[in-house]
S.K.: 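Before we start, here is the structure in question, set down as structure tokens.
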Amino acid sequence: MQSISKKKIFFPINEAFRKYLKLYEREVKLPLTYQELRYYEHSISVYDKEGKDTLWETVFYSQSMMGPIHAGLKRIYSILKAGGDQTAEEHLHIERIDYCTFGNSHPFRIKIVNNYNEVYDYFYIKVADASRIYGLELEHILSPYWMNFLIDGNTLVEEHIAGVPGDQFILHYLDRLDFNPKRIAKEFVKFNERCFVRLLGDMRSYNFIIDITPDFDDVQFRIRAIDFDQQFYEGRRTLYMPQFFKENRVFVELAMKHLNAEVVKQYQQEERALIARRLKVQRHRIKDLRDVIMTDRVSFPEKVQQLGDELAAYYHDPVFSRCKTMGEIIERSLKRLLVGSLR
């Protein structure tokens, strides 16, 4: 059973990282801050269709605050989705603002609705934790997925990532006869490899989603992370490998049942090759991020030493043991990937 730190420490964004975020247009001026959203008057619990407490609360503001807050949220949505164009704001309304009482980031979830067709969307406002933002940036650069997020001071705005949460997929979708279990197993192997290479931790089933796409002759599956709080923070190597969490056991069993060792190695190598290609394409951006992260403090010395020692033993590579920051560890991990792609 894995052991995650009960309360992850939030790390501030240092000046070098803030310059990077401005350079790549992640940091912009927003009309509303996370802290301002905390001034709600009261809240009610949100329950799911089965009557279970979701650990989210719908919050309510005073009449004097509600107008400016709703206007600010619509403007944030315009900046996030339309580059700041305000044309659509007049036919949008904020239907609900929820606050999460569970986990580290205590996010606000905003439900915004188009008045013309009742189509709705979500976005999130959170505290801007440096390790989480490193996780978002590495996901943007190294994964197949575009990450849309904005920073302003200590406020982080994130686009909603659509899909079926992994724990709900296990309960309601996994045993469907039209779903090919080999494809699900394949995607989990690739997801596991991607998390390990870029050191994204705590990928329990409720921290990732399954994107289900019908194809012309079968159904395709993609697994996407939705929680980036545990980007290179913990010291244990296995915490960066989703296969070791009990919540993901059913996916591991699928892989053991339907994939042999040679096929697993093939899928792992395919994922590493794709990450190496993305590194080469984004080499200037990843270098800028590397220059920032190498000296940043986003974990504790004992965790850095433990992870370095465990990776050194795993890869038979003593360089990991000499790393003094998580930035040096991730650099070594990605450098091994690039060297391997040249063979």
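It should be emphasised that the depicted structure is a prediction, and the values quoted were computed from it without experimental measurement.
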S.K.: Do F17 and L289 make a side-chain contact, defined as non-hydrogen atoms from C-beta onward lying under 4.5 Å apart?
M.R.: yes
S.K.: Could you please spell out the steps behind the side chain to side chain contact (heavy atoms under 4.5 Å, CB included) verdict for Y233 and K303?
M.R.: CA-CA 7 Å; Y233 173 72; K303 291 180 182 290; 4.1 Å; yes
S.K.: Checking salt bridge (charged side-chain N to carboxylate O under 4.0 Å, His left out) for the pair R132/E158: CA distance, chi angles, key distance, verdict?
M.R.: CA-CA 11 Å; R132 181 179 184 88; E158 289 183 31; 2.6 Å; yes
S.K.: Hey, is OH on Y120 packed in by over 12 heavy atoms from elsewhere, all under 6.0 Å?
M.R.: no
S.K.: What closest approach, in Å, do V197 and S333 show between heavy atoms, and which atom pair accounts for it?
M.R.: O-OG, 2.8 Å
S.K.: Please determine if R297 forms a cation-pi arrangement with F11, meaning its NZ or CZ atom is less than 6.0 Å from the six-membered ring centre and no more than 45° off the ring axis.
M.R.: no
S.K.: Can you say whether the rings of Y99 and Y40 are parallel (under 30°), tilted (30 to 60°) or perpendicular (over 60°)?
M.R.: tilted
S.K.: Step through it carefully: locate the ring centre of F179, locate the ring centre of F221, and say whether they are under 6.0 Å apart.
M.R.: yes
S.K.: Can we call the ring centroids of F196 and Y240 under 6.0 Å apart?
M.R.: no
S.K.: Testing I210, I184, I212 for side-chain contact (heavy atoms from CB on, under 4.5 Å) with Y173, which one passes?
M.R.: I212
S.K.: Between R224 and D211, does any NZ, NE, NH1 or NH2 come within less than 4.0 Å of an OD or OE carboxylate oxygen?
M.R.: no
S.K.: Can you tell me how the ring of H42 sits relative to the ring of F60, calling it parallel under 30°, perpendicular over 60° and tilted otherwise?
M.R.: parallel
S.K.: Less than 4.0 angstrom from a charged side-chain N to a carboxylate O is my criterion; do R236 and E310 meet it?
M.R.: no
S.K.: Suppose we screen for salt bridge (Lys or Arg N to Asp or Glu O under 4.0 Å). Which residues come up paired with R249, at least two apart in sequence or across chains?
M.R.: none
S.K.: Assess the residue pair H160 and F123 against the criterion (ring pair (Phe, Tyr, Trp, His ring centres under 6.0 Å)); give the C-alpha distance rounded to whole Å, side-chain angles, the decisive distance to 0.1 Å, and a yes or no.
M.R.: CA-CA 5 Å; H160 176 65; F123 64 98; over 10 Å; no
S.K.: In terms of hydrophobic clustering (I, L, V, M, F, W, Y; side-chain heavy atoms under 4.5 Å; direct or indirect links), are Y24 and L142 co-clustered?
M.R.: yes
S.K.: Please name the residue in the list I125, I76, I151 that meets the side-chain contact (heavy atoms from CB on, under 4.5 Å) test with L30.
M.R.: I76
S.K.: Which heavy atom in V189 sits nearest to a heavy atom in A255, and how many Å separate them?
M.R.: CG2-CB, 4.2 Å
S.K.: Strictly under 6.0 Å, is that where the ring centroids of F251 and F191 end up?
M.R.: no
S.K.: Considering non-hydrogen atoms only, spot the tightest contact between A130 and V298 and give its length.
M.R.: CB-CG1, 4.4 Å
S.K.: Of all residues at least two apart in sequence or in a different chain, which pass the salt bridge (Lys or Arg N to Asp or Glu O under 4.0 Å) check with D98?
M.R.: R96, R109
S.K.: By side-chain hydrogen bond (donor to acceptor under 3.5 Å, both in side chains), which residues pair with D121, not counting sequence neighbours?
M.R.: Y77, K81
S.K.: Mind jotting down which residue pairs meet the salt bridge (charged side-chain N to carboxylate O under 4.0 Å, His left out) criterion with at least one end in residues 316-332? Sequence neighbours excluded, please.
M.R.: R290-E331, D317-R332, D317-R336
S.K.: Restricting to non-hydrogen atoms, name the atom on N148 and the atom on L80 that form the minimum distance, rounded to 0.1 Å.
M.R.: ND2-O, 3.0 Å
S.K.: Determine, stepwise, if the pair I110 / Y122 fulfils side chain to side chain contact (heavy atoms under 4.5 Å, CB included).
M.R.: CA-CA 5 Å; I110 317 302; Y122 293 98; over 6 Å; no
S.K.: Apply side chain to side chain contact (heavy atoms under 4.5 Å, CB included) to V164 and I209, showing your working.
M.R.: CA-CA 5 Å; V164 180; I209 58 97; 5.9 Å; no
S.K.: Should D229 and K8 count as an ion pair when the cut-off is N to O under 4.0 Å?
M.R.: no
S.K.: Decide yes or no on salt bridge (charged side-chain N to carboxylate O under 4.0 Å, His left out) for R204 and D227, but give the supporting numbers first.
M.R.: CA-CA 10 Å; R204 288 174 278 189; D227 191 325; over 6 Å; no
S.K.: Does the N207 side chain pair with the main chain of A225, one donor and one acceptor, at a distance under 3.5 Å?
M.R.: no
S.K.: How does the hydrophobic cluster around Y124 look, that is, which other residues are in it when side-chain heavy atoms under 4.5 Å mark a link?
M.R.: V46, W56
S.K.: Do V264 and Y314 sit in one hydrophobic cluster, given that two such residues count as connected whenever their side-chain heavy atoms are within less than 4.5 Å of each other, even indirectly?
M.R.: no
S.K.: Atom CG in D129, atom CD in Q231: separation rounded to 0.5 Å?
M.R.: 11.0 Å
S.K.: Measure from the side-chain N and O atoms of N114 to the backbone N and O of V119, and report whether any donor-acceptor pair falls under 3.5 Å.
M.R.: no
S.K.: Is there a path from I286 to I329 through hydrophobic residues (I, L, V, M, F, W, Y) whose side chains come within less than 4.5 Å of each other?
M.R.: yes
S.K.: Parallel, tilted or perpendicular: which describes the rings of F108 and Y34, with under 30° parallel and over 60° perpendicular?
M.R.: perpendicular
S.K.: Under the side chain to side chain contact (heavy atoms under 4.5 Å, CB included) criterion, do L136 and L156 qualify, and how do the steps go?
M.R.: CA-CA 11 Å; L136 287 163; L156 167 64; 4.2 Å; yes
S.K.: Measure from the side-chain N and O atoms of S43 to the backbone N and O of V59, and report whether any donor-acceptor pair falls under 3.5 Å.
M.R.: no
S.K.: Would a single hydrophobic cluster contain both L199 and I275, if residues Ile, Leu, Val, Met, Phe, Trp and Tyr are joined by side-chain heavy-atom contacts under 4.5 Å?
M.R.: yes
S.K.: Stepwise, does the side-chain hydrogen bond (donor to acceptor under 3.5 Å, both in side chains) test hold for Q266 with E270?
M.R.: CA-CA 6 Å; Q266 173 196 333; E270 285 178 7; 2.8 Å; yes
S.K.: Between F228 and R198, what is the shortest heavy-atom contact and its length?
M.R.: CD2-NH2, 4.2 Å
S.K.: With the side chain counted from C-beta on, respond yes when L21 and I133 share a heavy-atom pair under 4.5 Å apart, and no when they do not.
M.R.: yes
S.K.: Can you establish whether the number of heavy atoms outside Q63 located under 6.0 Å from its atom CD is more than 12?
M.R.: no
S.K.: Just by modelled atom types, is the K280 backbone N or O under 3.5 Å from a matching donor or acceptor in the R283 side chain?
M.R.: yes
S.K.: Would you say L174 and L254 make side-chain contact, with heavy atoms under 4.5 Å?
M.R.: yes
S.K.: Looking at residues at least two apart in the chain, or sitting in another chain, which of them share a side-chain hydrogen bond (donor to acceptor under 3.5 Å, both in side chains) with R194?
M.R.: E271
